[in-house]
Structure formats: structure tokens, C-alpha cells
Amino acid sequence: RFEARPVTSFSFDETGALHTEFASGDPLCMNADLVICASGLQTDETPLEGVDMARTPRGFVAVDPVSFRTSVPGLYAAGDIANGPSLIARAIGHGRQAAIAVHKALSGMDPAENLDIWIDETGRVREDHVPALPAPHVVAFKEIMHADYHEHAARQILPPAASDGPELAFAELSGGLAAEAAVAEAGRCMHCGHCMECGSCVESCPGHILEMTDDGPAVAYPSQCWHCGCCRIACPTGSIAYRFPMTMML
């Protein structure tokens, strides 16, 4: 049995102890087999005690990337327990995908079937079978023709957060980068597959087919382009591709 009261205010004293003020009235009572306090600092594997399942090399629960099934029949996993500490948005997204995977299994559907589920304006759950989208193209390093355009630099190290007392459950674990270090770290990004408007393609075009506009490089005279490839070779981010016949796409 789980009891909870609405919290009106809370604070921490100098020692880090929590002081909470609750609203008056009857508490909210719920029956539960297990209550988990998820603070996000460490995974609570109490429900998995005695369960023998496959693990990843880092000790997380191994799951199928499509169906979210574990090695134990009928058991699914998602979030930090399967992927390690990450953003809460990723945990929510994986939880939703795992719920859809369970729905597919109980409905006798193929785990790879693309299913869209949403709540309509009346509050009812709807689902629709939609065609699968093609896998997005991931720009490989070998596709970046002018990688030496970017200066090689070491990664900036995050300093630990300053703490004068015991660490609190919701305190930041790192101090973050200072402005100068943040700029240096951002400068390491190669913007793979995305035009960063550096103008290298315009400068390297022997026929002056390209011009720099307020929206970035543009093909000013497509009918006069002979596809020499100078723009693609000069592009430091691999964002230029050709499309035939006799047109160009940046």
C-alpha cells in the first residue's frame, strides 16, 4: 500500500537534509506490488534479483534493438537499465517504443512492423500501420573530402561541480564548461553532412557557377555546370551531392 500527500514546499538545510511541508487532508492511497524511487543516479535492480538474463559488456540488460525483448521470455527493458545513463527524453522515447513492442507481441504482430499510435482529440487511443521510412544516410568519415580543413584538437574536459557539503539527489555532477572552453569544444564539430556556409565550394568553382547568398551557397547557373567536382572536393563537411541529369544539389 502506497500513501502520498501533495507537497506544498520543500527545502534543504546546511547539512543537506530535506525538509518538506505537506498539504492538509487525506493522503492519496494506492495499492502496489512494488514502489520504485527513480532519482536517476543509479538503476534499482531489486525486481531483477534472481533473474538470469543476458548482459552487455558494460553490465546493462541486453535487449533486442527492435523488439526491446530481453533474453528472458516475456520480459522487456528500456531506458537506463538497458542503455546506461542518458537523457530523460531518450528514456521516455525508449519506454514508448518498448510499450509499442509489447502491444505488437500481445497482438501477434511482427516486431519489425511500423506502427504509429497516438491519442486523438476525443482522448481515445488510435493506431495506424504506416510504411517504414528509409534509413537515414549517415555521412562516413571517408566521404568528407576535405577533412584537413578542420584543426585537430583534444576534447575539453568537464570539471567536477564545486560542492561544500553532501551531494544532493538533484545536484549537478559536473561544473560545465566555461565560455572560452565551450567555444573551443564547439569548434571541434565537423558539421558532417551539413553545410556550414564556409564558402569553400564557391571559391573553388572554376566556372563561377556558384554564388554565396544570404541563405548560403547556391547554384546560380545550373545549365553551365559541367560537374567537375571541385565543389565537392573542397567541401569540408561532405554535404554536396550530385543529381543527374545536369543539375546540382547542395
Side-chain angles (χ1 to χ4, degrees), residues 53-120 125-150 155 185-198 200-201 215-219 222 225 227 229 231-250:
M53 63 177 62
R55 298 275 182 166
T56 67
R58 297 180 61 189
F60 304 124
V61 176
V63 298
D64 181 86
V66 176
S67 66
F68 289 86
R69 294 175 179 172
T70 68
S71 60
V72 179
L75 183 61
Y76 295 74
D80 291 4
I81 198 170
N83 303 283
S86 183
L87 299 176
I88 187 173
R90 184 184 184 191
I92 294 173
H94 283 182
R96 182 177 185 274
Q97 296 176 44
I100 295 176
V102 173
H103 172 71
K104 292 178 182 178
L106 297 177
S107 303
M109 299 169 56
D110 186 344
E113 186 170 353
N114 200 26
L115 184 65
D116 187 21
I117 299 179
W118 73 97
I119 299 177
D120 64 15
V125 178
R126 301 290 186 180
E127 65 178 62
D128 188 18
H129 300 265
V130 295
L133 296 175
H137 173 66
V138 180
V139 178
F141 185 82
K142 63 181 180 181
E143 295 181 59
I144 304 175
M145 304 297 294
H146 196 38
D148 55 351
Y149 176 92
H150 301 272
R155 181 179 181 180
E185 183 66 12
R188 299 174 63 245
C189 176
M190 299 181 66
H191 299 270
C192 301
H194 299 277
C195 176
M196 62 179 184
E197 302 180 9
C198 67
S200 297
C201 57
D215 296 325
V219 183
C225 175
H227 295 81
C231 58
R232 186 180 189 278
I233 294 174
C235 179
T237 64
S239 63
I240 295 180
Y242 296 156
R243 184 175 61 191
F244 294 93
M246 295 311 291
T247 58
M248 180 178 288
M249 178 180 65
L250 292 183

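Heavy-atom basis, side chains included; hydrogens, waters and symmetry copies ignored. Nothing here was measured: the structure is a model prediction, and the numbers come from that model.
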Counting only heavy atoms not in [X] (residues, nucleotides, ligands), do more than 12 fall under 6.0 Å from its [atom1]?
X      : atom1 : value
His103 : NE2   : yes
Arg155 : CZ    : no
Arg96  : CZ    : no

Any idea which heavy atoms bring [X] and [Y] closest together, and the distance?
X      : Y      : value
Pro111 : Val66  : O-CG1, 3.6 Å
Gly84  : Phe60  : CA-CZ, 3.3 Å
Ile240 : Cys201 : CD1-CB, 3.8 Å
Glu127 : Ile117 : CB-CG1, 3.9 Å
Ser67  : Ala101 : O-CB, 3.2 Å
Ala77  : Val61  : CB-CG1, 4.1 Å

Measure the spacing between [atom1] of [X] and [atom2] of [Y] and express it to the nearest 0.5 Å.
X      : Y      : atom1 : atom2 : answer
Met109 : Ile100 : CE    : CD1   : 9.5 Å
Thr70  : Met53  : OG1   : CE    : 5.0 Å
Gln97  : Ile92  : CD    : CD1   : 12.5 Å
Met196 : Cys235 : CE    : SG    : 7.5 Å
Ser107 : Leu115 : OG    : CG    : 8.5 Å
Cys225 : His227 : SG    : NE2   : 4.5 Å

Exercise for review: Look at Asp64 together with Arg69 and state whether they make a salt bridge at an N to O cut-off of under 4.0 Å.
Suggested key: no
Practice item. Would you mind reporting whether Thr237 and Met190 have side-chain heavy atoms less than 4.5 Å apart? Key: no
Point to revise | Short side-chain to backbone donor-acceptor contact, Lys104 and Asp110, under 3.5 Å | key: no
Review point. Any sub-3.5 Å donor-acceptor pair from Ser71's side-chain atoms to Ala54's backbone N or O?
Key: yes
**Study point:** Exercise: do His129 and Asn114 side chains pair donor with acceptor under 3.5 Å
**Key:** no
